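What follows is one structure encoded as structure tokens, with my remarks underneath.
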Amino acid sequence: MSSQSESAFALLAPGVQRQLYAMKWPALRPIQVDAIRAWFTTSKHLLLMAETAGGKTEAAFLPVLSSISAEPADSVRAVYVGPLKALINDQFARLEELCTHLELPVHRWHGDVGQAKKDALVRDPSGVLLITPESLESLLINRTAYLPRLFGGLRAVVIDELHAFLDGERGTHLSSLLARLRRYRGANEAPWRMLGLSATIGDPDIARRYLAPDDPTAVEPIADAPGQTELRMRVHGYDGQELMRDTDTGQEDPEDDDNADSNELLVLRAIAEDLVEHCRGSANLVFANAKGDIELLADLANQACRNAGLPEQFLVHHGSLSREVREDTEAQMKAGGARTTICSSTLE
């Protein structure tokens, strides 16, 4: 471990240090070193920018968890806002692991979380809360009497995938929710600190203004060294009429509704066969343009796998599926192996 990494590591709470040892971390990444130092030596908000899997989550939460670990358990101390349930589920497991040696509970709050767990948090607020903007609004509306106790001692707000909130109604909505949340800060409590996480910030100044509209200079941008990411693109085109001729189905009337349905199915089947050809043996996410095509594409791709004597490798994920199906898909993808999930923006 380098001297810089060692000095940053020394600033962390003993319980966090113990867990990093248990996880066999050889060293802290540069963005984590910089974030830990900035958190403990300044009062600034932080904008953390690094590639996907670049250690942004730990860069935010190693110092946050360390600073709130000794706080009394009478309020939620840190709020993590994520745009997707699947992202919250993933981060929930990571934060629970980091809190193994801390008496610091981690809570989820979204549409798939049972009411009993939500009621328990309201009765006994503490630790870290992971929540979507929509669920935060519901909480502000439906649990108004409990909000001063829930958030009176809030110390940090972490916004993941910050780029998703910098433009459009959802970003304005979240800014409004955070403004409403500030009303419930305890009279003697210092303002909480903001941490924004993103892999794709085009203009950091825009992100700084979002995190601290009154004083963007109060936000310290911390960027990891850019990697050598390679972007590859392949374009396929599909002509339903041409596919019909290739399958010797005859020259049906192109205006016929049944013929149009056949064209669409042939196109989807051709796409599914190409997905099997190019995705087999590796892990992939495939985003379908229409939710109605997701399950059909997965069925056709798995059929193509069977026809080729291959194991079925295609899963599905979209918002209309049951919680159990979505979480099973997420678990299979995180477990590694050759799996491809055809999905909507729920995994974006």
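Owing to the predicted nature of the structure, the values given are computational and were not obtained by experimental measurement. No hydrogens, no waters, no symmetry mates; every other heavy atom, side chains included, goes into these values.
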Side chains of [X] and [Y], donor plus acceptor under 3.5 Å:
| X | Y | result |
| --- | --- | --- |
| Gln91 | Thr57 | yes |
| His163 | Thr200 | yes |
| Asp328 | Gln332 | yes |
| Arg37 | Ser7 | yes |
| Thr172 | Ser175 | no |
| Arg108 | His110 | no |
| His318 | Glu295 | yes |
| Glu220 | His45 | no |

Under-4.0 Å salt bridge between [X] and [Y]:
| X | Y | value |
| --- | --- | --- |
| Arg94 | Glu58 | yes |
| Asp74 | Arg149 | no |
| Glu134 | Arg170 | yes |
| Arg323 | Glu327 | yes |

Counting N and O atoms only, with roles assigned by atom type, does the side chain of [X] sit under 3.5 Å from a partner on the main chain of [Y], one being a donor and the other an acceptor?
| X | Y | value |
| --- | --- | --- |
| Asn284 | Cys279 | yes |
| Glu330 | Asp90 | no |
| Gln17 | Leu12 | yes |
| Asp160 | Gly82 | no |
| Arg306 | Pro311 | no |
| Ser135 | Ile131 | no |

Within this structure, what is the [atom1]-[atom2] distance for the pair [X] and [Y], rounded to the nearest 0.5 Å?
| X | Y | atom1 | atom2 | answer |
| --- | --- | --- | --- | --- |
| Gln313 | Leu275 | CD | CG | 11.5 Å |
| Lys291 | Leu321 | NZ | CG | 8.5 Å |
| Ile342 | Leu297 | CD1 | CG | 5.0 Å |
| His107 | Ser126 | NE2 | OG | 4.0 Å |
| Ile159 | Leu48 | CD1 | CG | 12.0 Å |
| Leu315 | Thr329 | CG | OG1 | 5.0 Å |

Taking it one step at a time, do Lys56 and Asp224 satisfy salt bridge (Lys or Arg N to Asp or Glu O under 4.0 Å)? CA-CA 9 Å; Lys56 297 185 297 297; Asp224 201 6; over 6 Å; no
Tell me whether [X] shares a hydrophobic cluster with [Y], the cluster being built from Ile, Leu, Val, Met, Phe, Trp, Tyr side chains joined at under 4.5 Å.
| X | Y | value |
| --- | --- | --- |
| Leu20 | Ile31 | yes |
| Ile36 | Leu98 | yes |
| Val64 | Leu62 | yes |
| Val79 | Leu150 | yes |
| Trp192 | Val158 | no |

With the side chain counted from C-beta on, respond yes when [X] and [Y] share a heavy-atom pair under 4.5 Å apart, and no when they do not.
| X | Y | answer |
| --- | --- | --- |
| His317 | Met333 | no |
| Phe9 | Leu28 | yes |
| Val157 | Leu195 | no |
| Leu177 | Leu181 | no |

Could you go through Val316 and Thr341, starting from their C-alpha distance and side-chain angles, then the distance that decides it, and tell me whether this counts as side chain to side chain contact (heavy atoms under 4.5 Å, CB included)? CA-CA 5 Å; Val316 295; Thr341 293; 5.8 Å; no
[atom1]/[X]: more than 12 non-hydrogen atoms of other groups inside 6.0 Å:
| X | atom1 | value |
| --- | --- | --- |
| Lys334 | NZ | yes |
| Glu103 | CD | no |
| Glu312 | CD | yes |
| Glu169 | CD | no |

Taking the six-membered ring for Trp, are Phe61 and Tyr80 parallel (under 30°), tilted (30 to 60°) or perpendicular (over 60°)? tilted
Full working for salt bridge (Lys or Arg N to Asp or Glu O under 4.0 Å) between Asp205 and Arg208: CA-CA 5 Å; Asp205 288 339; Arg208 295 171 75 188; 3.6 Å; yes
Output side-chain donor-acceptor pairs under 3.5 Å for residues 140-148, partner residues at least two apart or in another chain, one line each.
residue : atom : partner : partner atom : Å
Asn142  : ND2  : Ser138  : O            : 3.1
Asn142  : ND2  : Ser138  : OG           : 3.0
Arg143  : NH1  : Asp119  : OD1          : 3.3
Arg143  : NH2  : Asp119  : OD1          : 3.1
Thr144  : OG1  : Leu140  : O            : 3.1
Thr144  : OG1  : Ile141  : O            : 3.3

Give the C-alpha distance, both sets of side-chain angles, the deciding distance and a yes or no for side chain to side chain contact (heavy atoms under 4.5 Å, CB included) between Trp39 and Lys44. CA-CA 7 Å; Trp39 181 266; Lys44 287 191 171 185; over 6 Å; no
Checking Leu46 against Val219 for the side chain to side chain contact (heavy atoms under 4.5 Å, CB included) test, could you report, in this order, the C-alpha distance in whole Å, the side-chain angles of both residues, the deciding distance, and whether it holds? CA-CA 5 Å; Leu46 304 182; Val219 179; over 6 Å; no
Dump the intermediate steps for side chain to side chain contact (heavy atoms under 4.5 Å, CB included) on Leu139 and Phe151, then the final yes or no. CA-CA 11 Å; Leu139 180 58; Phe151 299 111; 3.6 Å; yes
